[in-house]
Amino acid sequence: MSGLRERFEAAFMPNYGVPPLALARGEGCRVWDTAGREYLDLIAGIAVSSLGHGHPALVEAVSAQVTTLAHTSNLFLHEPEVLLAERLLDLLGGGGRVFLANSGTEANECALKLAVKYGKANGRSYIVAAENGFHGRTMGALALTGKASIREPFGPFGIDVRFVPYGDADALKAAVGEDCAAVFLEPAQGEAGVVPPPDGYFAAVREICDATGALFVADEIQSAIGRTGTWFAFEHELGRAATPGPRSEERATREGVASRRPPAVARSVTMKHAKPDVLTLAKGLGGGLPIGACIAFGAHGELFAKGDHGSTFGGNPVCAAAALAVLTTIEKDGLLGNAVSVGEALAAGLGAVDHPLLAGVRGRGLWRAAVLTGPHAPAVEAAARDAGFLINALQPDALRMAPPLTLTAGQARSFTDAFPSILDAAASGKEG
Ligand SMILES: *Cc1c(COP(=O)(O)O)cnc(C)c1O
């Protein structure tokens, strides 16, 4: 493996820079680098490896499917994609239609095309999104991305997108009129630093969209599939976030996995206050295999006519089987409850650290940011790595933790116990 970083640098475009570590393998929440050093993985490939590494359910589902039938294209349908679409709709209370893609940005491209089609049919000419929001890197998703430094070098995009401050319902109300086609928002801004909106924001978003007829598109690419302790982060707006763990565990053991059919009608009624018209998913859905989904509810699910959209690989049997294994395992193993309890332990442990570099902790479930008092995140990330923990400096002053949903309380504790000395090492400048 010698010189792998140098060879990477020579062979790849310079868009990523050269990552600090070459990983060789993983097991559960642990990974090993090419030199054989072990790390606790608290970032999970950016909130993707929801079951950790090498989970037997994922390995078995993917291996069996790749052996049986790996690809069909959309010239033919197959059972795993149908089961997955049905399962996602069940979790959402039904009443929707699904499109399967390969990534987050593609899920948003689908949502954007729905919004444009809806806009053209109804004289709605522009879209509203949030400052500092992140929706992906393809040209359409990039047009929606609120961070000017990554958007503007590639504009203009030919789509009228207006940006409002995130979390400000009055600003949104002022920006969304009768000729607005859609509002794209993250339930909490991930790449901006795991920044949650004020309580009640999404109920206000829902109201504004209802009043004007603009589509409410929730980009749950990072926040869904158990990351915050509920299947979808928008569910928190309903005030049910305090009890999802016990409920889901109880249901999983009582009814088993395969037989579980959620009470669709009751669920959709309780969700209505913040339920989006269009929802996009990706990251944690495939547990490491590339899959994205765009789900549109009610009549919006029927906006596309035959031929309006497509993907050769989207929803291929292997990725669909992986996503089904992820959903089944989260249910069966009570991982929503685990995300709540271990996430709270992680936040409490970090919050109890008294250190001049640490300003606070924000986020929900197993999606947290440690906020620093200055631009020390790269130094702290490096010090954590030296101490055997992988975390992510996502802003100059914010570190992200988005570990596998299987993280144990003991593993979280091992990190929070080590955190003071990691901060000391970063402060002393040992790590630059
Ligand atoms: C990661 C992310 C995307 C883009 O997903 P890709 O799979 O990298 O294309 C879009 N929106 C949000 C909120 C994300 O976190």
Side-chain angles (χ1 to χ4, degrees), residues 47 50 87-98 104 107-108 111 114-115 128-130 133-135 144 166-169 172 176 182-192 194-210 214-245 247-248 262 264 266-285 292-298 300-301 327 330 336 339-340 343 362-367 402 405:
S50 30
R87 191 75 204 284
L88 288 171
L89 293 174
D90 271 356
L91 292 174
L92 286 158
R97 302 283 192 113
V98 178
N108 281 338
L114 285 176
V128 171
F134 182 80
H135 298 291
L144 302 167
Y166 184 75
D168 181 341
L172 188 71
V176 177
V183 174
F184 278 73
L185 291 167
E186 298 162 84
Q189 289 192 312
E191 297 305 305
V194 192
V195 181
D199 281 348
Y201 180 58
F202 281 99
V205 172
R206 181 67 272 173
E207 242 177 73
I208 291 165
C209 290
D210 283 345
L215 298 183
F216 168 24
V217 184
D219 178 347
E220 289 237 26
I221 285 164
Q222 190 159 165
S223 56
I225 318 299
R227 181 56 46 200
T228 67
T230 49
W231 285 111
F232 308 97
F234 76 79
E235 296 176 64
H236 290 289
E237 196 76 0
L238 312 164
R240 297 187 320 186
T243 54
R247 280 183 35 153
S248 64
R267 212 178 145 90
S268 67
V269 169
T270 59
M271 278 185 183
K272 73 178 177 211
H273 300 297
K275 191 173 180 177
D277 299 305
V278 180
L279 181 71
T280 55
L281 306 171
K283 290 194 167 80
L285 179 59
C294 177
I295 299 155
F297 299 100
H300 309 309
L327 298 177
I330 288 174
L336 299 183
V340 172
R362 58 180 179 231
R364 213 163 208 162
L366 283 172
W367 196 34
L405 303 180

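Keep in mind that this is a model prediction, so the values were computed, not measured.
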* Take I225 and L327 through the test side-chain contact (heavy atoms from CB on, under 4.5 Å) and record every step on the way to the result. => CA-CA 8 Å; I225 318 299; L327 298 177; 4.1 Å; yes

* Asked: Is the F184 to F216 ring centre distance short of 6.0 Å?
  -> no

* Test R206 against D277 for side-chain contact (heavy atoms from CB on, under 4.5 Å), laying out the working first. => CA-CA 9 Å; R206 181 67 272 173; D277 299 305; 3.1 Å; yes

* Asked: Which distance, rounded to the nearest 0.5 Å, do you find between the CZ of R87 and the CG of L91?
  -> 5.5 Å

* Side chain to side chain, V278 and C294, heavy atoms closer than 4.5 Å -> yes

* Separation of R227 CZ from L366 CG (nearest 0.5 Å) -> 6.0 Å

* **Closest approach of A293 to L88 (non-hydrogen atoms, all atoms of both residues)** => CB-CD1, 4.3 Å

* **NZ or CZ of K275 within 45° of F297 ring axis and under 6.0 Å** => yes

* Structure fact -> Here the pair of heavy atoms bringing A214 nearest to C209 is O-CB, 3.2 Å

* Asked: Any donor-acceptor pair under 3.5 Å linking the side chain of S50 with the backbone of G284?
  -> yes

* Does any non-hydrogen side-chain atom of Q222 lie less than 4.5 Å from one of T228? -> no

* Structure fact -> On a heavy-atom basis, the closest approach of P187 and D219 is CD-O, 3.1 Å

* G104 and I221: which non-hydrogen atoms are nearest, and at how many Å? -> O-CD1, 3.2 Å

* To do: Could you check if a side-chain atom of E186 sits within less than 4.5 angstrom of a side-chain atom of E191, using non-hydrogen atoms only?
  => no

* Taking Q189 for the side chain and F134 for the main chain, is one N or O donor matched with an acceptor at less than 3.5 Å? -> no

* State, with a plain yes or no, whether a side-chain heavy atom of F232 is found less than 4.5 Å away from one of L281. => yes

* **Worked check of side-chain contact (heavy atoms from CB on, under 4.5 Å) between L405 and I330** => CA-CA 8 Å; L405 303 180; I330 288 174; 3.8 Å; yes

* Going from CG on L114 to NE2 on H300, what distance comes out if it is rounded to the nearest 0.5 angstrom? -> 9.5 Å

* Closest non-hydrogen atom pair between A107 and T280, with its separation -> O-CG2, 3.4 Å

* Structure fact -> Heavy atoms of G190 and W367 approach each other most closely as CA-CZ2, 3.6 Å

* Does the side chain of T230 come within less than 4.5 Å of L336's, by heavy atoms? -> no

* To do: State, with a plain yes or no, whether a side-chain heavy atom of L172 is found less than 4.5 Å away from one of V128.
  => yes

* Heavy-atom side-chain contact between F234 and L92 under 4.5 Å -> yes

* Kindly indicate whether the side chain of R362, heavy atoms from C-beta on, has any atom under 4.5 Å from the side chain of P196. => yes

